[in-house]
Amino acid sequence: MQLRARQLHFMAETTQKTANQPEQSELRYEPQRIEEKWHARWQAEPGRYAAETHESKRKKYYVLEMLPYPSGVLHIGHVRNYSIGDALARHMWMRGYNVLHPMGWDAFGLPAENAAIKNQVPPRQWTLQNIAHMKSQMDRLAFSYDWSREITTCLPEYYKWNQWFFLKLYEKDLAYRKKSKVNWCPECATVLANEQVVGGCCWRHEETKVEQRELEQWFVRTTRYAEELLADIEKLERWPEKVRTMQRNWIGRSDGASVDFAIDGNGKITVFTTRIDTIFGATSIQVAPEHPVVGDFIKVDPTLQAKVDELVSQRQKSRESDDPGVIDKHGVFTGRYVINPFNHEKIPVWVANYVLMDYGTGAIMSVPAHDERDFEFAKKYDIEVRVVILPRRSEEPPDPGKKESPVLPYTDKESLVINSGDYNGLSNQEAIEKMTAFAEEHGFGKKVVTYRLKDWGISRQRYWGTPIPMLYCEKCGIVPVPENQLPVLLPENIEITLQGSSPLARMPEFVNTTCPKCGGPARRETDTMDTFVDSSWYFYRYTNPQLTDRALDRATVDYWFPIDQYIGGVEHAILHLIYSRFWTKFMRDIGVVKNSEPITRLFTQGMVIKDGAKMSKNKGNIVSPDEMVARFGADSTRTYALFAAPPDRDLDWQEAGVEGVYRFLGRTYRFVARHASVTRIYSSSTLKAGSGASPTARAIQRKLHQTIKRITDDFQGRWHFNTCVAGIMEFVNALYAAEEEIASGKFPSGALADAQRNLVLMLAPFAPYLAAELWEVLGEKSDLLRQPWPQYDPALAKEDEIEYAIQVNGKVRSRVAVPADSPKELVLERALADDKVRVAIEGKEVVNKIVIPGRLVNIVIR
RNA sequence: GCCGGGAUGGCGGAACUGGCAGACGCAGCGGACUUAAAAUCCGCAGGGCUUAAAAGGCCCGUGGGGGUUCGAGUCCCCCUCUCGGCACCA
């Protein structure tokens, strides 16, 4: 507080001095003065960043940064994310696009409940306070958001539509209720989605082991769209390959067959396999401990129970071990047998700890010769290893008795099926086709496609979320809340604890209601929705957030969608982005939108690192944006966030680096302010090459157009904003180098005006405050945001003369300058005439001469 | 284990399609201005050898080893380390 007061006092002094003498060389760059002045002006102009309607004649551009959780304060990671998006938005505005650049709040979620318990503040109040503060931080950083479109997911105006969409999901049989084992985080006291379990622990509490509980849950049938979600990844050409791969793996399609093995006695066990071609090599069947058949077997042989329990506890232990990767394989022989439908052999049934109940059928056929896991298991329990496939037709079959390792997959065309009755001599692919057909024909198997993707469990036993709009009536069963009764309001004034069931369940006035079907007593669903529901479709709502009679307006959505550019952390590569893609497809199928994918181009920025570690509260290496803004200004903070590293890479935050950017902005400010009087009078003019104009001025102009090209290209392509900023620095350095001539008055005024105006325009996306100030200093009244982006002119960027490096055998021996566009012959002639080159090649035989236009000459001698 | 990034001066990074490695910035050193300091402005700066010194010259150098090429930080093969994701998926 004290420091701040002193700072302000000091600034007041200098401000007065410079205001009276703007041309003095001791001009100071005072970001606080400049930024507070423009901040006040812009705050008084709320419509400043508003997009035009969908009837606009301009081409649309929808740029979006992932909406934050209102935790209380912005951190540097946010600043980086938004600085990238804001630079792009401002650039696109200047390019004449109708830009949509909205912001909102992912405002439901557990931290608000925790804060409520800790500080005795209602979640709503806590959340809204945080939002107000973070919004003011964003404004201070001059992020160009259209706040008229702001959404806050915890407000009924928004979550009403979550509920409406849920009813639609239910109508389409895309939402269903089932009793299931769920991941339970004791710390959160709630259920976690599979996606929220990281290495057996809660994604929020990395130290907390997840438990299994059985509960009635609402699920969304994401698996119905598994195939389309997978196939459409191919269309996402402008997404990072990394994210596409992660999604492909997450969906995890595998093509195979199910095969029924008749149990010796009665019943059957159905296995899933991708390698039916190896079925003659199956020497046992393995089932998951949870497989229903295990219960049946136990009824017959109760002694089995204890053995299976032991197996399960072992698995639990392995899961809790530090290295969850490779666990020991354990198994229990059930004493029972099944019949292989292909060779009618009797093979044993085992219960194995590595077989997963929730993938495939929970049962596998074990082919030790051709699968590493099966091999390991077979060796341990002394089960027969039978080779049924050879990698090449030429190879001799190995002696199975001597085998020390599995023969492994062998899926190429050269493979050869052996020891398999009628199928001997086929390739692996042919065998798969024929065997599957045979199984289908005889009714004991069929072609099956399985996915790793599971349905999305959305029930949360928490208070601070969207109430699931369903009722339970004694007579009618599950009844959806009628649409005209939405929203089901989340009650206020509730006592929040982290114990057991949902806080809502302890509120009779919420729970007890009447059934809309029969009028009898009914209970409300007391679980709330996973907050990923809110973020699955929020970006659509930005197109028309004020609508009260429907979620979206089709014409408006069709105009803005898909999102042209989405920017956020890679940590959302799977969850958020798969749910969002799913939701879009679902909305398309109920006619709410027409597009099948929500996002055209995705950009995932790198993490912010400090002192070698990811910035986090735990590590105590948090940098506060407020502090940076107070010390160096918002412009320096933003520009540094872009300058320190390319946006897709991790960024090492160094305070000295921010100071460096601050110095650069100061240099820019002083130069422009010092020579503003010229620009205020003269209009910009361009110099023609070879017109006898000042060579210094031509050099500046050349550098200017080279810089314009560099930045313009980057915005459209690689986004290496670090080099864009470096380019502007170089340009400013060039202006300083020419300052003596400029001060002397020999420098053409029109050219100086041109350089200054364009410098400010190029700066505008990165340092909006300084750019606005300098624009005004240059006597401009117009809004910089709507100024056309500088036009690149190749003729003006072109060098008159090019310096070639002259190599002899690949080593630079000399340099010669030749006029640009010199023919190769001339360049070579000059190179060979060079003294140093002559010395280097004297008495040697020149075997090759290579001229790379505009770059170098390489003379190869022997 | 599998799938992706990455490794370049004291530090962050640049070199976009194989063509002068180290742009730009930080830290450092020297100078100008100043009574002085801060601020500012100008300059130097990968390592080594040669030289009284400078200029100049020579050699080495992009995690390690090999290869392709007139030419490799960039392409190919093998390896090391590191970060991120997934992990018994049948």
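This one's a predicted model, so the numbers in the text were calculated from it and none came from an experiment. Within every chain, numbering begins at 1; the chains are lettered A, B, ... in the order of the sequence lines, protein sequences first and strands thereafter.
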Base-paired stems in RNA chain B, each at least three Watson-Crick or G-U pairs under 3.5 Å: B:1-7 with B:80-86, B:10-12 with B:24-26, B:28-32 with B:40-44, B:46-50 with B:56-60, B:63-67 with B:75-79
Dump the pairs, protein N or O against N or O of nucleotides 42-49 of chain B, anything under 3.5 Å, distances to one decimal.
| from | atom 1 | to | atom 2 | distance (Å) |
| --- | --- | --- | --- | --- |
| B:rC42 | OP2 | A:R667 | NH1 | 3.3 |

According to salt bridge (charged side-chain N to carboxylate O under 4.0 Å, His left out), who are the partners of A:E234, at least two apart in sequence or on a separate chain? A:R248
Answer yes if the side chains of A:R452 and A:N249 hold a donor-acceptor pair under 3.5 Å, and no otherwise. no
N/O contacts under 3.5 Å, protein versus nucleotides 67-73 of chain B?
| from | atom 1 | to | atom 2 | distance (Å) |
| --- | --- | --- | --- | --- |
| B:rC70 | O2' | A:N858 | ND2 | 3.4 |
| B:rC70 | O2 | A:N858 | ND2 | 2.7 |

Assigned chi class of B:rG31 under the 90° convention is anti
Please determine whether side-chain contact (heavy atoms from CB on, under 4.5 Å) holds for the pair A:T723 and A:R718, giving the CA-CA distance in whole Å, both sets of side-chain angles, and the decisive distance to 0.1 Å. CA-CA 11 Å; A:T723 59; A:R718 350 180 265 172; 4.0 Å; yes
Under 4.0 Å between a side-chain N/O of A:R855 and OP1 or OP2 of B:rG18, yes or no? no
Between B:rC33 and B:rC26, how far apart are the C1' atoms? Round to whole Å, please. 24 Å
Looking at A:F664 versus A:F643, is the centre-to-centre ring distance below 6.0 Å? no
Would one find a side-chain N or O of A:R452 under 4.0 angstrom from OP1 or OP2 of B:rA90? no
Give me, pair by pair, the N or O atoms of the protein and of nucleotides 56-62 of chain B that are less than 3.5 Å apart, along with how far apart they are.
| from | atom 1 | to | atom 2 | distance (Å) |
| --- | --- | --- | --- | --- |
| B:rC58 | OP1 | A:R813 | NH1 | 2.7 |

Could you write out each protein N or O paired with an N or O of nucleotides 4-13 of chain B at a distance under 3.5 Å?
| from | atom 1 | to | atom 2 | distance (Å) |
| --- | --- | --- | --- | --- |
| B:rC11 | O2' | A:Q654 | NE2 | 2.9 |
| B:rG12 | O2' | A:A644 | O | 2.9 |
| B:rG13 | O3' | A:N722 | ND2 | 3.3 |

